[in-house]
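Written below as structure tokens is the structure these notes are about.
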Amino acid sequence: MSPARFPPHFTNTDHRQRCLVQLRSKNIPLEKYIYLNGLKGRDSNLFYDILLENMQEMVPILYTPTVGDACVNYSHIWRRPEGLYVSIEDKGRIREVLSTWPNLHDSRIAVVTDGSRILGLGDLGANGLPISIGKLDLYIAAAGIKPSSTVPICLDLGTNTQRYLDDPLYIGVRRPRPEAAEMDAFMKEFMEAMHDVFPQLLVQFEDFSTDNAFKYLDEFRHKYRVFNDDIQGTGSVILSGLVNAARLSSAASGLPLADHKILFFGAGSAGIGVAKQLLSFFTTNGLSPEEARSRIYTVDSKGLITADRKGLQEHKKFFARTDHNGPPMTNLVDIINYVKPTALLGLSTLRNAFSEDVVKAMCALNKRPIIFPLSNPVVLSELDYPDAIQWSDGRVIFASGSPYKHVSHGGVSFEPGQGNNMYIFPGIGLGSILAKTRHVSDAMVEQAAFALASSMNAEEEAAQLVYPRLSRIREISARIAHAVIRQSQKEKLDNNPYLRTLPDADLLGLIQDKMWQPPVLQTHTLGRL
Ligand SMILES: O=C([O-])CC(=O)C(=O)O
Ligand SMILES: [Mg+2]
């Protein structure tokens, strides 16, 4: 049979536009996701070309929040193999399974999830793969990593979510998740095999359940080149947003930067990871580590976390308060009035937890309260942006984990920040890959945050934003990568001596030159569409 021919008047320029028209004709975000995923399968260069030109529109589809819908429904929308599944049934031969990946020597970055805590959506089992794919699409778009260098991995270890076990279309192993000892042995074999099979790879752990997120980061971070995006990436991006938000808030109130107080609502991997990262906000503003710790308060489902609470989980102990005894304090407004925070950060996945009373309590204490409802996706956000603006009469300094649109209030247009780790992980990954760092250190993650905070341009500062605009993401990722490389050199964790010889401007130029661009598409070189 002869192959189909392109229409005589076909042009690439028209076709890019045609793809956008087709995308925009769909009303349901998940359908847009399915369409874009299909386009990527048909012609990945065209897909990335369109993505780079339309980041603002497409990132919320390919990534948070719609990637959450894609994960929840993945067994039903599945069309073709993508990424790499490694199953608990592969135990004992994980090396062989990894070796089937086609671009072994080209591979530079893997995002690995076990699907046990996808965004705030819980245990989605083998349906978690799209989160790894979405993160890697951002590596490609935001940091110019070559698509063939990316390895999306989902560890299929079973699921404790009954509705998936009962779903005849579920694509994963039908069994409950393993006990700790079995999982530990699996992870040990998996990481050893990754190291052998992909000698140059950086591993990003993503969306593991809280205890395992901390456990495996601690276990592997000094053996391999690995970081945890939910603990370190989120910590870094919020540190950066807080640096800029505190500056805005202090400019209005006159409060010294070191006198801010932060209340965390939510004490999972992201909450505690962020809280630890924020210690350096205070230490760089002159406080001792102990004083810094005293500026941070944490709240979980049982209320203000205090040291006298029985059976407190290990990761919550560091910030447990010793200055409050007596009956547990559970009401958020009471806690706010007791703590008197300048900043309230939500990492709880409790929709609308920041009620009008909560916002008003923050406003009564602060001229410009900092409120960051960071839970993802949007349906789990502690506070919607229109409510935040209305209840605070436009005084709030706001950043959320998922994207919100501009809001008009009193004739003024207000613009929200998106405190999402997508600003950070691509730059950390790029820097670590280029410098061939042995590990990813805390100081590298911290320098990434400061590089992001200082990357605002004059227009963004005048608009009182706390994060730069997404349209500049490649420039920003390059600056972050630069900071990460320099820090790795200071700590002697780098393994690319040539980069040490370059002055700053040349290093930045080299990073930008290394960024992959979709090849210029020639008429009639598109795949069959
Ligand atoms: O994926 C995102 O948008 C941010 C993130 O890591 C999470 O919520 O787990
Ligand atoms: Mg995550």
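Counting starts at 1 for both ligands and their atoms, in listed order.
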_Other residues, nucleotides and ligands only: do more than 12 of their heavy atoms fall within 6.0 Å of NZ on K261?_
yes
*Does a side chain donor of either E82 or Y74 reach within less than 3.5 Å of an acceptor in the other side chain?*
yes
*Does a side chain donor of either Y404 or S381 reach within less than 3.5 Å of an acceptor in the other side chain?*
yes
*Under the 6.0 Å and 45° cation-pi test, does R293 pair with F318?*
yes
Check ligand 1 for N or O atoms under 3.5 Å from a protein N or O and list each pair with its distance.
unit_1, atom_1, unit_2, atom_2, d
ligand 1, 1 (O), Y63, OH, 3.4
ligand 1, 1 (O), T64, OG1, 3.4
ligand 1, 1 (O), K135, NZ, 2.9
ligand 1, 3 (O), Y63, OH, 3.4
ligand 1, 3 (O), T64, OG1, 2.3
ligand 1, 3 (O), N376, ND2, 3.4
ligand 1, 3 (O), N420, ND2, 2.8
ligand 1, 6 (O), K135, NZ, 3.0
ligand 1, 6 (O), E206, OE2, 3.0
ligand 1, 6 (O), D230, OD1, 3.0
ligand 1, 6 (O), N421, ND2, 3.0
ligand 1, 8 (O), N376, ND2, 2.9
ligand 1, 9 (O), R117, NH2, 2.7
ligand 1, 9 (O), D207, OD1, 2.9
ligand 1, 9 (O), D230, OD1, 2.9

*asked:* Checking side-chain polar atoms at under 3.5 Å, does Y48 have a donor or acceptor matched by the opposite partner on D137?
replied: yes
*So with a 6.0 Å cut-off around NZ of K317, is the heavy-atom count from everything else above 12?*
yes
*For atom CD of E461, is the number of surrounding heavy atoms from other residues, nucleotides or ligands below 6.0 Å larger than 12?*
yes
*asked:* Do S441 and S488 have side chains that approach each other closer than 4.5 Å (heavy atoms only, starting at C-beta)?
replied: no
*asked:* Suppose the cut-off is 2.8 Å; which protein N/O/S atoms would you list for the Mg ion (ligand 2)?
replied: E206 OE2, D207 OD1, D230 OD1
*For the side chain to side chain contact (heavy atoms under 4.5 Å, CB included) test, which of D230, L129, I118 pairs with T113?*
I118
